[in-house]
Amino acid sequence: MTGMFAISKAGHDKGQMYIIIREDRDFAYLVDGDIRKLDHPKKKRKKHLQLVKTGLDEVLLEKIKNQNIIYNEEIKYAIKVRMKEGYQK
């Protein structure tokens with residue numbers, strides 16, 4: 001799941017698109033680059049997320065998996081482009 005887009009299915013952020021930057025057993029840690037930045041990701045139960053079938057661009061995915069430096073602007077841009085394309089559930 002790490003590196004995928006996800007839509008919140010429940011809570012006050014319902015409908016918001018995020019990128020999963022890490023996960024553990026029951027939770028995913030989400031960022032949007034705007035309100036939820038990389039230094040303070042949102043912790044959300046996996047069952048409250050709808051994964052988006054299409055993934056990130058390869059450069060950003062590699063940065064996340066290799067734990068390289070990622071900027072909030074890169075996250076915001078990736079979400080903006082994905083929302084413009086329209087997402088498939």
Side-chain angles (χ1 to χ4, degrees):
M1 286 177 47
T2 301
M4 293 183 71
F5 289 103
I7 306 291
S8 175
K9 295 192 305 186
H12 72 282
D13 62 340
K14 184 176 181 179
Q16 177 70 33
M17 183 177 276
Y18 295 101
I19 294 176
I20 300 171
I21 57 164
R22 71 177 187 271
E23 60 183 301
D24 58 25
R25 195 170 134 208
D26 295 327
F27 294 95
Y29 295 86
L30 312 167
V31 295
D32 66 2
D34 186 25
I35 296 170
R36 288 299 179 165
K37 298 187 187 240
L38 289 161
D39 58 346
H40 191 70
K42 179 172 187 62
K43 181 179 177 182
K44 193 157 187 95
R45 288 195 180 274
K46 291 179 182 179
K47 69 180 182 179
H48 294 147
L49 295 174
Q50 173 68 47
L51 297 178
V52 178
K53 290 181 180 178
T54 57
L56 246 26
D57 64 36
E58 294 300 317
V59 175
L60 193 53
L61 183 60
E62 284 299 314
K63 283 184 173 184
I64 291 171
K65 290 192 177 190
N66 294 330
Q67 297 179 345
N68 292 343
I69 295 173
I70 304 168
Y71 298 100
N72 289 309
E73 289 77 22
E74 292 175 289
I75 300 291
K76 282 195 291 192
Y77 181 75
I79 291 173
K80 180 180 175 182
V81 168
R82 187 68 195 106
M83 290 297 285
K84 190 178 274 191
E85 293 173 356
Y87 62 87
Q88 300 170 6
K89 292 183 181 178

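Annotation: side chain of Phe5 is in contact with side chain of Ile19 (closest heavy-atom distance under 4.5 Å).
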Trace of the salt bridge (charged side-chain N to carboxylate O under 4.0 Å, His left out) decision for Glu85 with Arg82: CA-CA 5 Å; Glu85 293 173 356; Arg82 187 68 195 106; 2.9 Å; yes
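In this structure Lys9 satisfies the side chain to side chain donor-acceptor pair (under 3.5 Å) test with no other residue, sequence neighbours excluded. Lys44 pairs by the side chain to side chain donor-acceptor pair (under 3.5 Å) definition with Ser8, Asp13, not counting sequence neighbours. Judged as a side chain to side chain contact (heavy atoms under 4.5 Å, CB included), and not counting sequence neighbours, the contacts of Glu23 are Met1, Thr2, Lys46. Taking the side chain to side chain contact (heavy atoms under 4.5 Å, CB included) definition, one finds that Arg22 meets it with Tyr29, Pro41, sequence neighbours left out.
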Can you give me every donor-acceptor pair (side chain of residues 67-81, partner residue at least two apart or in another chain, under 3.5 Å) with its distance?
unit_1	atom_1	unit_2	atom_2	d
Asn72	OD1	Leu38	N	3.0
Glu74	OE1	Tyr71	N	2.8
Glu74	OE2	Lys63	NZ	2.7

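Of all non-hydrogen atoms in Met4 and Val52, the two that sit nearest each other are CE-O, 3.5 Å. Taking each heavy atom of Ile64 and Gly3 in turn, the nearest pair found is CD1-CA, 4.1 Å.
Placement of Ile35 and Ile7 in two distinct hydrophobic clusters is found when ILVMFWY residues are connected by side-chain heavy-atom separations under 4.5 Å, directly or transitively.
Within the structure, salt bridge (charged side-chain N to carboxylate O under 4.0 Å, His left out) contacts touching residues 28-41 (residues at least two apart or in different chains) do not occur.
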